[in-house]
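Scroll down for the structure; my scribbles are underneath it.
Labels below follow one simple rule: chain letters A, B, ... track the order of the sequence lines, proteins then strands, and each chain is numbered from 1. The structure displayed is predicted, hence computed values, not measured ones.
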Amino acid sequence: MTLRIHNTLSKQKELFNPIVAGRVGIYLCGPTVYKPAHIGHAVGPVIFDVVKRYLTYKGFQVNWVVNITDVDDKIITEAAARGVSVTQLARELEQQYVDALAALDVTSIDAMPRASEYVPQMIEHIQGLIDRGYAYVVDGDVYFDVGKDDDYGKLSNRKPEEQFAGTRDGLLGKGKRNPGDFALWKAAKPSEPDDVKFPSPWGPGRPGWHIECSVMSARLLGETFDIHGGGMDLIFPHHENEIAQSESLTDKPFARIWMHNGLTRFNTKKISKSDAEMQKAMQELQLTNLLAKYPSELLRFLILSSHYRAPIDFSDSTIDAARKGLDTFYRLFERIERLTGSNPYEAGVRIEQLFEVATDPSAHALVKDVLAEQLRFLEAMDDDFNTAAAIGVLFDIAGLINRYIEQSRLEIRRSEQPRTFAAAATHTLVFLGRLLGMFLRPAKKQSPGDDALSGDLIALLIDVRNQARQTRQFEIGDLIRNRLDALGILLEDRPDGTGWRRK
RNA sequence: GGCCGCGUACCCAAGUGGUUCAAGGGGACGGAUUGCAAAUCCGUUAUUCGUCGGUUCGAAUCCGACCGCGGCCUCCA
């Protein structure tokens, strides 16, 4: 099986072969820390977390870098508005972001470099571009000269002459040679705080937006590396400019593969910072708020339920549907533990290890079918990380296991062999889910308000109810069930007794 | 205006030339099971893939036009 990845540069899926055999370098554009991160900021990290998990599974050693932009106009403005220092604001929001990613089980990032800590290297890079004639200085600013870069625009398919033809003079700025020229270095303004003033050969100032990614990726991954990721909205100008300033200095290809994820939408609109109507929604869509409201696994599941290049529409109804879908797996896991005594979250025999001993026809069929599904899962992942299709396969496997449980009447007769196979199939299911960063640990079954006493009381009510049912006093039984239902407790009468769960 | 993406059932969402390609989830409706439920299982729910043309023996899938939605072209994951 071979992995193919869609490359924005070529606009098609390409066979993946790393530069150095067995090793993969990935750079993902992280956030500018000037406002709390929203759900859209989690999409890239979750997807690349899966990319890393999958590549690791395939035997690659992955080095994944996500940058933090902590020097920027917007941070300066926001910090001034809040009356805190730029550094203070940036660190606070960075910590929030890191915490949110940890909550989402995005724990596989290898380095999170800060722009502010690579300024000397950026200056070196900029000086190199000046020396090579690709950049010029104007009153303490340094601009990249897009006119000197023959293939400028190859990523976003734009030609600077056409793109900026007839643009207003305003874009020309002070002393720009071409309207499309972008700042590599911005001279400090007197009003700006000291913690964003860095000394440079061109006077005090700070780096432009794009240069940090070129420099930090080169330092941490090499001048040419395997995969560069980010949101679709970064293709132009950010990534285009990264390519220009990197390749103009090194004469080497920058990133081999560009992966761009679709943007998260709310009411079909991009979650944007400037839209007034969006401001209110933004509050709700902040990662910290969402993580307080929903299990993180649900957010991850929702993100992975559509292909990474498609936009995700975020709404209560999509969340709700995702939650109900996820419950299918949770119920299966509970069922398996109850019927087989095997904990799906703990290491156990997977079904592929039982191929030889599956002599019983239905067990044999289960093994065969689950293995076929496993293949489909891997094929989906190999096809540009099609997590949506992969999740579809997980549902199919869950169906196979439930069907097998029904067929072998496991609820009634707990025969040895069906228990073993059902448990093993579930271990395979969990194993595949974990390639997506799912099913890492048992889902929370209880609410914060639950305690031992309420559990005992429910058990007591169940006993009373079953006594009543045995004497066919169903009104009493139903009363208890309905009243518990109103409290959010769902009773389930199974062949082996009555269980309960929260709605 | 230029560039890019999208438009698949009631909703979400895979599929980008042909035998299982119309996955999967939610919802709804039948059936099995249950005292009744819940859960689970079985079945039904798109002869059709925005519209109209074209290419082809054959298209949701390729080409063209059009309609609709969105993104970028200024900061943005």
- Picking from B:rA77, B:rC72, B:rA38, the nucleotide nearest the side-chain atoms of A:Phe236 would be B:rC72
- Take atom P in B:rA23 and the same atom in B:rG43, then report the distance between them in whole Å. 13 Å
- Task: Verify the contact: side-chain N or O of A:Lys324 to OP1 or OP2 of B:rC12, cut-off strictly under 4.0 Å; return yes or no.
- Result: no
- Item | Proximal nucleotide (of B:rA77, B:rA14, B:rA38) relative to the A:Leu234 side chain | B:rA77
- Can you tell which of B:rG71, B:rA23, B:rA39 lies closest to the side chain of A:Leu263? B:rG71
- Query: From B:rA38, B:rA37, B:rG24, pick the nucleotide closest to the side chain of A:Asp493?
  - Reply: B:rA37
- Message: I'd like to know if A:Asp493 and A:Arg465 make a salt bridge, using a cut-off of under 4.0 Å between side-chain N and carboxylate O.
- Response: yes
- Item | Between B:rU74 (C1') and A:Lys186 (NZ): distance, integer Å | 11 Å
- Taking the six-membered ring for Trp, are A:Phe182 and A:His210 parallel (under 30°), tilted (30 to 60°) or perpendicular (over 60°)? perpendicular
- Below 4.0 angstrom, N of the basic side chain to O of the carboxylate: do A:Glu411 and A:Arg338 qualify? yes
- How are the rings of A:Tyr330 and A:Phe439 set relative to one another: parallel (under 30°), tilted (30 to 60°) or perpendicular (over 60°)? perpendicular
- Sugar-phosphate only, base, or nothing, as touched by A:Asp478 at under 4.0 Å among non-hydrogen atoms: base
- Message: Whole angstroms only, please: what is the CG-P distance between A:Leu484 and B:rC36?
- Response: 21 Å
- What dot-bracket string describes RNA chain B from 5' to 3', counting Watson-Crick and G-U wobble pairs whose defining distances are under 3.5 Å, with [ ] for crossing pairs and | for pairs to another strand? ((((((((.[[[..)..(.....]]]((((((.......))))))....[[[[[..)....]]]]])))))))....
- Does the side chain of A:Asp383 come within less than 4.5 Å of A:Lys13's, by heavy atoms? yes
- Any side-chain N or O of A:Thr318 under 4.0 Å from OP1/OP2 of B:rA13? no
- Message: Checking side-chain polar atoms at under 3.5 Å, does A:Asp99 have a donor or acceptor matched by the opposite partner on A:Gln95?
- Response: yes
- Give the intermediate values and the outcome of salt bridge (Lys or Arg N to Asp or Glu O under 4.0 Å) for residues A:Asp485 and A:Arg481. CA-CA 6 Å; A:Asp485 185 83; A:Arg481 186 172 63 198; over 6 Å; no
- Message: Taking B:rU16 as the reference, what is the distance to B:rG7 when you measure between their P atoms (whole Å, please)?
- Response: 12 Å
- Using a cut-off of strictly less than 4.0 Å, decide whether A:Ser306 has a side-chain nitrogen or oxygen near OP1 or OP2 of B:rC12. no
- Under 4.0 Å between a side-chain N/O of A:Arg331 and OP1 or OP2 of B:rU40, yes or no? yes
- Item | Rounded interatomic separation in angstrom, taking CZ from A:Arg409 and P from B:rA32 | 15 Å
- Query: In whole angstroms, how far is the C1' atom of B:rG26 from the CG atom of A:Leu298?
  - Reply: 13 Å
- Candidate nucleotides B:rA77, B:rA23, B:rG2, ranked by approach to the side chain of A:Arg158 - the nearest: B:rG2
- Task: Nearest-nucleotide wise, let me know which of A:Arg494 and A:Asn261 is further upstream toward the 5' end of RNA chain B.
- Result: A:Arg494
- Below 4.0 angstrom from OP1 or OP2 of B:rA14, is there any side-chain N or O of A:Asn386? no
- With a 4.5 Å heavy-atom cut-off, do A:Asp49 and A:Leu101 have their side chains touching? no
- Round to a whole Å and report the spacing from CG of A:Asp320 to P of B:rG25. 17 Å
- Query: Has A:Arg265 got a side-chain N or O lying under 4.0 Å from the OP1 or OP2 atom of B:rG70?
  - Reply: no
- Task: Taking atom P in both B:rA9 and B:rU20, compute the distance separating them and give it to the nearest angstrom.
- Result: 23 Å
- Message: Can you identify which nucleotide, out of B:rC41, B:rU16, B:rG35, has its nearest atom closest to the A:Asp383 side chain?
- Response: B:rU16
- Query: Counting side-chain heavy atoms from CB outward, which of B:rA14, B:rG26, B:rG71 is closest to A:Thr328?
  - Reply: B:rG26
- Message: Nearest to the A:Ile271 side chain among B:rU40, B:rA14, B:rA77, which nucleotide is it?
- Response: B:rA77
- Query: Does A:Lys11 make a side-chain N or O approach to OP1 or OP2 of B:rC4 shorter than 4.0 Å?
  - Reply: no
- Message: Looking at B:rG25 and A:Phe395: do their rings stack (centroid distance under 5.5 Å, interplanar angle under 30°)?
- Response: no
- Task: Would you indicate which nucleotide in B:rA77, B:rC36, B:rC72 comes nearest to any side-chain atom of A:Arg481?
- Result: B:rC36
- Tell me which of A:Val393 and A:Gly477 sits closer to the 5' end of RNA chain B, going by the nucleotide each one is nearest to. A:Val393
- Query: Does a side chain donor of either A:Ser10 or A:Gln12 reach within less than 3.5 Å of an acceptor in the other side chain?
  - Reply: no
- Item | Check: A:Arg472 side chain, B:rG35 base, donor-acceptor under 3.5 Å | no
- Message: Roughly how many Å apart are B:rC72 and B:rG25, using the P atom of each and rounding to a whole number?
- Response: 35 Å
- Item | Nearest-Å distance for atom pair CZ/C1', residues A:Arg323 and B:rC12 | 15 Å
- Item | Pairwise P distance, B:rC69 and B:rU8 [rounded to whole Å] | 14 Å
- Roughly how far apart, to the nearest Å, are B:rG15 and B:rG50 at atom P? 15 Å
- Message: Please give the distance between the P atoms of B:rC36 and B:rG31 as a whole number of Å.
- Response: 13 Å
- Item | Given B:rA14, B:rG71, B:rC41, the nucleotide with the shortest approach to the side chain of A:Lys270 | B:rG71
- Which whole-number value in Å describes the distance from A:Asp72 CG to B:rA77 C1'? 14 Å
- Task: Can you tell me, in whole Å, how much space there is between the P of B:rG30 and that of B:rC66?
- Result: 48 Å
- Message: Closer than 4.0 angstrom, basic N to acidic O: yes or no for A:Arg335 and A:Glu406?
- Response: yes
